[in-house]
Amino acid sequence: MYNFDQIIDRHGTGCAKFGELGELFGSTELTPLWIADMDFAVCPEITQALRRRIDHPIYGYAVAPDSYWKSIRTWLSERHGFAVDREELAFVPGVVKGIGYAVNFFTRPGDKIIIQPPVYHPFRRVIEGNKRQVLANPLIFNESTGYEMNLSELRRLCRDERPAMMILCNPHNPIGIQWSREVLAEVGEICHEYGVVVVSDEIHGDLVLHHKPHYPFAACSDHCAQMAVTFGAPSKTFNIPGLVSSWCVIKNPKLRRDFYDWLEINEFSTPTFVSTIGTEAAYRNGRQWLDEAMAYIEKNIDLVRDYLRDNLPQIGMVEPQASFLVWMDFRRLGLSHEQLVDLVVNHAHLALNDGEMFGAEGHGFMRVNVATPSSCLLDALNCLKTAVAEIENN
């Protein structure tokens with residue numbers, strides 16, 4: 001039903017993907033495959049629902065209708081088998097903002113917070129910017145089996161360093177791992193034993209590939225449910241991050257009550273009508289759009305894998321289990337960090353996410369957004385091929 005091959009000009013719309021190219025990459029003449037939004041038109045039912053409301057001439061104070069909360073609960077139940085009661089659910093104006101709220105509420109300056117690099121860079125920024133300490137539990141990388149959690153080290157850190165919190169990325173960004181129920185249950189057991197609150201970022205949870213399941217952390221065991229502060233959103237799922245709508249789920253009333261009261265008192269949990277209308281339309285009417293978008297993204301991932309194998313065997317990729325982001329491995333080119341950035345930006349004329357922004361463990365990698373028309377993705381790969389040939393021939 002939907003045309004994901006359509007090339008849509010996003011210039012002049014205030015989008016970060018194009019608007020920040022000059023500041024971040026030093027050139028506006030780049031193909032942007034970096035920030036994690038899609039180049040696809042949103043589900044028409046979302047646009048129609050917003051247009052109906054925008055056409056009303058008064059934009060007054062809004063209240064979230066019961067149908068909004070029900071749409072989230074129904075989605076989580078039907079899509080992921082995650083049963084959520086109304087009182088366990090709250091609005092937050094963005095997942096990173098929600099993580100920031102949780103860091104400020106549940107921890108104190110100087111407290112230690114665990115992250116698992118290479119991982120989404122705002123985790124580190126939120127921790128350090130709020131005068132907390134990053135406690136790294138790096139993922140283990142095996143050339144043949146890929147990445148896995150270092151659970152024995154996680155237990156040691158919790159025992160010896162006494163962190164107040166862990167920020168979990170589930171599915172993991174930038175690598176695209178959907179953690180198994182067994183791994184998540186063990187994380188829950190460890191953190192419950194040592195009293196570590198687990199903030200689970202599940203914004204990519206709807207984007208698991210090839211119809212595999214997403215395992216919400218809070219649903220993996222009783223221990224997980226007791227320690228979990230879960231954040232998610234329709235934003236990545238339906239390409240609506242500009243509507244700024246996210247949600248929080250906390251099962252444990254001892255964690256939930258004071259935090260949700262604090263959010264409400266400070267009006268952090270008050271949504272705009274744009275947020276509620278867009279979210280409800282997405283969760284009620286977006287299933288077919290999402291299924292078709294994911295099938296298209298799966299083909300684009302196949303395109304990248306096959307292209308690298310046939311044309312750029314020096315560059316590898318980690319096969320993602322979730323999301324539209326591909327973790328590409330440039331290490332066999334033998335370039336320094338500066339040389340790799342120069343290759344991508346100044347020779348291939350691409351804007352990709354530099355692997356080192358996700359931690360030192362990302363050295364030699366780049367994160368590539370493949371949620372774009374296949375023709376654009378193929379053009380970008382051809383530019384990369386040409387650029388690699390240039391530096392290898394010089």
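Given the structure is predicted, the values throughout are model-derived calculations rather than measurements. The residues of the chain are indexed from 1 along the displayed sequence. Excluded from the calculations below are hydrogen atoms, water molecules and symmetry mates; all remaining heavy atoms, backbone and side chain alike, are included.
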Would you call the rings of [X] and [Y] parallel, tilted or perpendicular if under 30° counts as parallel and over 60° as perpendicular?
X      : Y      : value
Tyr2   : Trp289 : perpendicular
Phe105 : Phe259 : tilted
Phe4   : Tyr296 : tilted

How about Thr276 and Thr279: does a side-chain donor come under 3.5 Å of a side-chain acceptor?
-> no

Establish, from distance only, whether the side-chain atoms of Asp354 and His337 form a donor-acceptor pair under 3.5 Å.
-> yes

Less than 4.5 Å apart, any side-chain heavy atom of [X] and any of [Y]?
X      : Y      : answer
Asn353 : Met357 : yes
Met294 : Asp206 : no
Ile250 : Glu88  : no
Leu335 : Phe330 : no
Ile115 : Asn137 : no
Pro373 : Phe40  : yes
His214 : Phe82  : no
Val103 : Met165 : yes

Residues Asn266, Tyr101; criterion side-chain hydrogen bond (donor to acceptor under 3.5 Å, both in side chains); working and verdict = CA-CA 11 Å; Asn266 290 286; Tyr101 297 156; over 6 Å; no

Out of Glu361, Arg367, His363, which one pairs with Pro118 under the side-chain contact (heavy atoms from CB on, under 4.5 Å) rule?
-> Glu361

Cation over ring, Arg162 on Tyr194, under 6.0 Å and within 45°?
-> no

Should the heavy atoms of other residues, nucleotides or ligands under 6.0 Å from [atom1] of [X] be counted, would the total exceed 12?
X      : atom1 : result
Gln314 : CD    : yes
Asp5   : CG    : yes
Asp66  : CG    : no
Arg86  : CZ    : yes
His211 : NE2   : no
Glu267 : CD    : no

From [X] [atom1] over to [Y] [atom2], what is the distance, rounded to the nearest 0.5 angstrom?
X      : Y      : atom1 : atom2 : answer
Leu343 : Ser336 : CG    : OG    : 10.5 Å
Ser374 : Asp379 : OG    : CG    : 11.0 Å
Asn150 : Ser152 : CG    : OG    : 4.5 Å

Decide, yes or no, whether a salt bridge links [X] with [Y] under the criterion of side-chain N to carboxylate O below 4.0 Å.
X      : Y      : answer
Arg309 : Asp306 : yes
Arg10  : Asp37  : yes
Glu78  : Arg73  : no
Arg79  : Asp291 : yes
Arg305 : Asp302 : yes
Arg155 : Glu186 : no
Glu128 : Arg124 : yes

Kindly say whether the aromatic ring centers of Trp179 and Phe217 come within a distance under 6.0 Å.
-> no

Residues Ala225 and Ala218: closest non-hydrogen pair is CB-O, 3.4 Å

Check: Arg132 main-chain N/O paired with Asn130 side-chain donor or acceptor under 3.5 Å | no

Joint cluster assignment, Ile72 & Val244, ILVMFWY side-chain distance < 4.5 Å = no

